[in-house]
Amino acid sequence: MNVPEVFESLKTYCEKEEFMGWDPYDGLTSRVFQSLPLIRSNKYCRLAWIQFFKRSPVNFRKPALIAKQHNAKGLALFLTGYCHLYQLHGKKEYLEKINYLANKIIALQSQGYAGSCWGYYFDWQARAFFQPAHTPTVVATSFVADALFDAYELTKEEKYKEVAVSSADFVLKDLNRTYDAKGDFSFSYSPLDHTQVFNASLLGAKLLSRVYAYTQNTVLKEEATKAVRFACNFQQPNGAWAYGTLPFHTWIDSFHTGFNLECIYAFQKYTGVTDFNNHIEKGLAYYTANFFTPEGISKYYNQQTYPVDAHAPAQFLVTMAKLNRFEEHRPMIEKVLGWTIQNMYNKKGFFYYQKRKRFSSKIPYMRWAQAWMFVAMTHYLKATQTNQYA
């Protein structure tokens with residue numbers, strides 16, 4: 001397994017595509033679908049249309065007139081990856097990519113909210129709610145702010161920091177909250193819903209804690225603490241988290257578990273609060289014991305192997321790096337990355353979306369697969385070339 005060679009091939013592919021691509025959830029941007037007003041206005045038709053394009057192993061996006069576009073969250077992952085590369089090699093070309101991506105992301109901001117924020121370029125229908133295109137979410141905003149902070153710390157470009165700091169106002173003022181009896185709460189996914197999705201709320205807490213590290217505004221620390229405590233109170237005795245609190249959000253999956261762990265760890269790092277170490281350790285033990293086979297296959301769900309999704313092995317590398325557990329789990333990391341390259345990498349330079357039991361979806365989604373594998377492999381390169389995570 002030649003990881004640097006595979007990574008260079010991936011980087012070349014993404015740069016050639018100018019970081020634009022299709023997305024698993026972009027079905028509603030179809031000009032064919034948009035031309036059918038009666039179908040377009042029906043919730044169940046929107047759900048079915050999205051799921052058809054998401055689940056189909058055949059890519060019907062060209063005949064459905066779905067265009068490749070830039071996704072702000074995907075660009076943020078690439079931005080973080082290029083920050084890693086610049087730290088490793090100091091090349092001017094990486095600095096140029098950092099500035100290009102940061103400014104492209106800033107230009108994609110959603111407008112009309114209390115602070116800087118980002119969403120997706122497509123309408124999105126979930127079972128719990130509908131979001132029009134460009135509705136900002138705490139998930140996209142958290143990843144973007146994190147990447148802009150990374151870019152600022154390398155370039156000292158004040159604009160990047162100012163925009164990232166501003167995103168705390170979006171989290172505090174635009175998102176809805178669901179409180180428990182003790183006054184702790186969950187941030188909503190977006191300004192349009194009232195769901196309690198643990199990884200989304202924790203990403204909001206992570207964002208506030210990183211802004212706190214810059215501003216020392218104690219309100220940010222206090223509110224982030226409440227959100228982390230709310231989510232930790234829902235951690236199961238075995239260390240697992242369900243996706244959320246709604247009856248149809250009870251599944252337990254790999255990469256959202258990784259999000260939770262990464263966010264709690266980052267919250268403690270940025271605030272100095274150490275109340276949640278036990279939750280991290282329990283969650284990490286569950287994560288490593290339940291989502292990876294001895295052969296290195298990354299399971300999507302805790303109780304079944306398939307589908308194997310490119311997002312899952314990528315998040316494993318990111319989680320181990322962010323939690324400073326890379327060397328501790330190095331043997332499994334090598335197995336996971338090796339299996340993923342062997343089974344989900346195309347020599348044209350991209351990674352497949354999902355490998356399923358009877359067939360695979362080999363569509364080269366830019367945000368979901370390429371951006372995640374890009375940033376994950378830069379974590380790997382940092383760890384193996386600098387021993388940073390030892």
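Heavy atoms only: backbone and side chains are in, while hydrogens, waters and symmetry mates are out.
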Student: Aromatic rings F19 and Y82: how do their planes relate, parallel, tilted or perpendicular, breaks at 30° and 60°?
Tutor: perpendicular
Student: Can any side-chain N or O of S188 pair as donor or acceptor with the backbone N or O of H194 at less than 3.5 Å?
Tutor: no
Student: Within the supplied structure, the quantity of interest is the number of heavy atoms (other residues, nucleotides, ligands) at a distance under 6.0 Å from Q304 CD; does it exceed 12?
Tutor: yes
Student: Using modelled atom types and a 3.5 Å cut-off, is there a donor and acceptor pairing between side-chain atoms of W241 and backbone atoms of A231?
Tutor: yes
Student: Please list, chain by chain and in numerical order, all residues satisfying side chain to side chain donor-acceptor pair (under 3.5 Å) with T245, sequence neighbours excluded.
Tutor: Q196
Student: Can a donor-acceptor pair be found between the side chains of K43 and Q125 at a distance below 3.5 Å?
Tutor: no
Student: Using every non-hydrogen atom in the two residues, find where A266 and S209 come nearest and quote the distance to one decimal.
Tutor: O-OG, 4.1 Å
Student: Residues in ring pair (Phe, Tyr, Trp, His ring centres under 6.0 Å) with F130, at least two apart?
Tutor: none
Student: Is a donor from one side chain sitting under 3.5 angstrom from an acceptor on the other, for D26 and Y365?
Tutor: no
Student: Indicate whether the side chain of K182 and that of N233 have a donor and an acceptor atom separated by less than 3.5 Å.
Tutor: no
Student: Working note: Q370 + E17, criterion side chain to side chain donor-acceptor pair (under 3.5 Å); need CA distance, chi angles, decisive distance, verdict.
Tutor: CA-CA 11 Å; Q370 315 324 317; E17 294 291 320; over 6 Å; no
Student: For residues T319 and G258, report the shortest heavy-atom separation together with the two atoms involved.
Tutor: OG1-CA, 3.5 Å
Student: Evaluate the criterion side chain to side chain donor-acceptor pair (under 3.5 Å) for residue pair Y353 and K362; output intermediate values, then yes/no.
Tutor: CA-CA 6 Å; Y353 167 45; K362 299 182 178 182; over 6 Å; no
Student: Distance only, no hydrogens: is a donor on one side chain within 3.5 Å (strictly under) of an acceptor on the other, for Y212 and E222?
Tutor: no
Student: I'd like to know whether E334 forms a salt bridge (Lys or Arg N to Asp or Glu O under 4.0 Å) with R330, so could you lay out the CA-CA distance, the side-chain angles of the two residues, the decisive distance to 0.1 Å, and finally the verdict.
Tutor: CA-CA 6 Å; E334 298 287 357; R330 178 74 175 269; 2.6 Å; yes
Student: Which residues, ordered by chain and number, are linked to L246 in its hydrophobic cluster, where ILVMFWY side chains connect at heavy-atom gaps below 4.5 Å, directly or through other members?
Tutor: F248
Student: The criterion is ring pair (Phe, Tyr, Trp, His ring centres under 6.0 Å); which residues satisfy it with F7, sequence neighbours excluded?
Tutor: F374
Student: Who passes salt bridge (Lys or Arg N to Asp or Glu O under 4.0 Å) against K299, sequence neighbours left out?
Tutor: none
Student: Sequence neighbours left out, what passes salt bridge (Lys or Arg N to Asp or Glu O under 4.0 Å) with E295? Give chain and number order.
Tutor: none
Student: Which class fits the ring pair F255 and Y300: parallel under 30°, tilted 30 to 60°, perpendicular over 60°?
Tutor: perpendicular
Student: For the CD1 atom of I264 and the NE2 atom of H279, what is their distance to the nearest 0.5 Å?
Tutor: 7.5 Å
Student: Provide the closest heavy-atom pair for Q268 versus F276 in the form atom of the first, atom of the second, distance.
Tutor: OE1-N, 2.7 Å
Student: Decide side chain to side chain donor-acceptor pair (under 3.5 Å) for Y25 and N71; before the verdict, give the C-alpha distance in whole Å, the side-chain angles of both, and the deciding distance to 0.1 Å.
Tutor: CA-CA 11 Å; Y25 295 91; N71 183 299; over 6 Å; no
Student: With H249, which residues qualify under ring pair (Phe, Tyr, Trp, His ring centres under 6.0 Å), at least two apart?
Tutor: Y243, W251
Student: Would the distance check show the side chain of Q51 and the main-chain N or O of A48 forming a donor-acceptor pair, the cut-off being under 3.5 Å?
Tutor: no
Student: What heavy-atom pair brings G27 and W49 nearest, and what distance separates the two atoms?
Tutor: O-NE1, 2.9 Å
Student: Not counting sequence neighbours, list each pair that qualifies as a side chain to side chain donor-acceptor pair (under 3.5 Å) and has a residue in residues 164-174.
Tutor: S116-S166
Student: For the atom pair CG (L95) and CG (L154), what is the distance rounded to the nearest 0.5 Å?
Tutor: 8.5 Å
Student: Who passes salt bridge (Lys or Arg N to Asp or Glu O under 4.0 Å) against E15, sequence neighbours left out?
Tutor: K11
Student: Can you confirm whether E18 is buried at CD, in the sense that more than 12 heavy atoms of other residues, nucleotides or ligands lie under 6.0 Å from that atom?
Tutor: no
Student: Quick one: does N59's side chain have a donor or acceptor within less than 3.5 Å of a partner on I363's backbone?
Tutor: no
Student: Can you list every side chain to side chain donor-acceptor pair (under 3.5 Å) pair that touches residues 280-289, not counting sequence neighbours?
Tutor: E281-R325, Y286-N302
Student: Taking the six-membered ring of Y152 as reference, does the cationic atom of K156 (NZ for Lys, CZ for Arg) lie under 6.0 Å from its centre and within 45° of its axis?
Tutor: yes
Student: Describe, in one word, how the ring planes of Y189 and W124 are oriented to each other, choosing from parallel (under 30°), tilted (30 to 60°) and perpendicular (over 60°).
Tutor: tilted
Student: Could I get the full list of ring pair (Phe, Tyr, Trp, His ring centres under 6.0 Å) partners for F230, not counting sequence neighbours?
Tutor: F234
Student: What residues, two or more places apart in sequence or in another chain, satisfy salt bridge (Lys or Arg N to Asp or Glu O under 4.0 Å) together with D309?
Tutor: none
Student: Report, as yes or no, whether the 6.0 Å neighbourhood of atom CD on E5 holds more than 12 heavy atoms from other residues, nucleotides or ligands.
Tutor: no
Student: Tell me whether R177 forms a cation-pi arrangement with F185, defined as NZ or CZ under 6.0 Å from the six-membered ring centre and within 45 degrees of its axis.
Tutor: yes
Student: May I ask you to establish whether K73 and F143 are in a cation-pi arrangement, using a distance under 6.0 Å from NZ or CZ to the six-membered ring centre and at most 45° from the ring axis?
Tutor: yes
Student: Using only heavy-atom distances, determine whether the side chains of T274 and N277 contain a donor-acceptor pair under 3.5 Å.
Tutor: no
Student: Looking at NZ of K91 and OH of Y86, how far apart are the two atoms once the value is rounded to the nearest 0.5 Å?
Tutor: 12.5 Å
Student: Show your reasoning for whether salt bridge (Lys or Arg N to Asp or Glu O under 4.0 Å) applies to K206 and D146.
Tutor: CA-CA 9 Å; K206 175 188 173 184; D146 224 28; 3.1 Å; yes
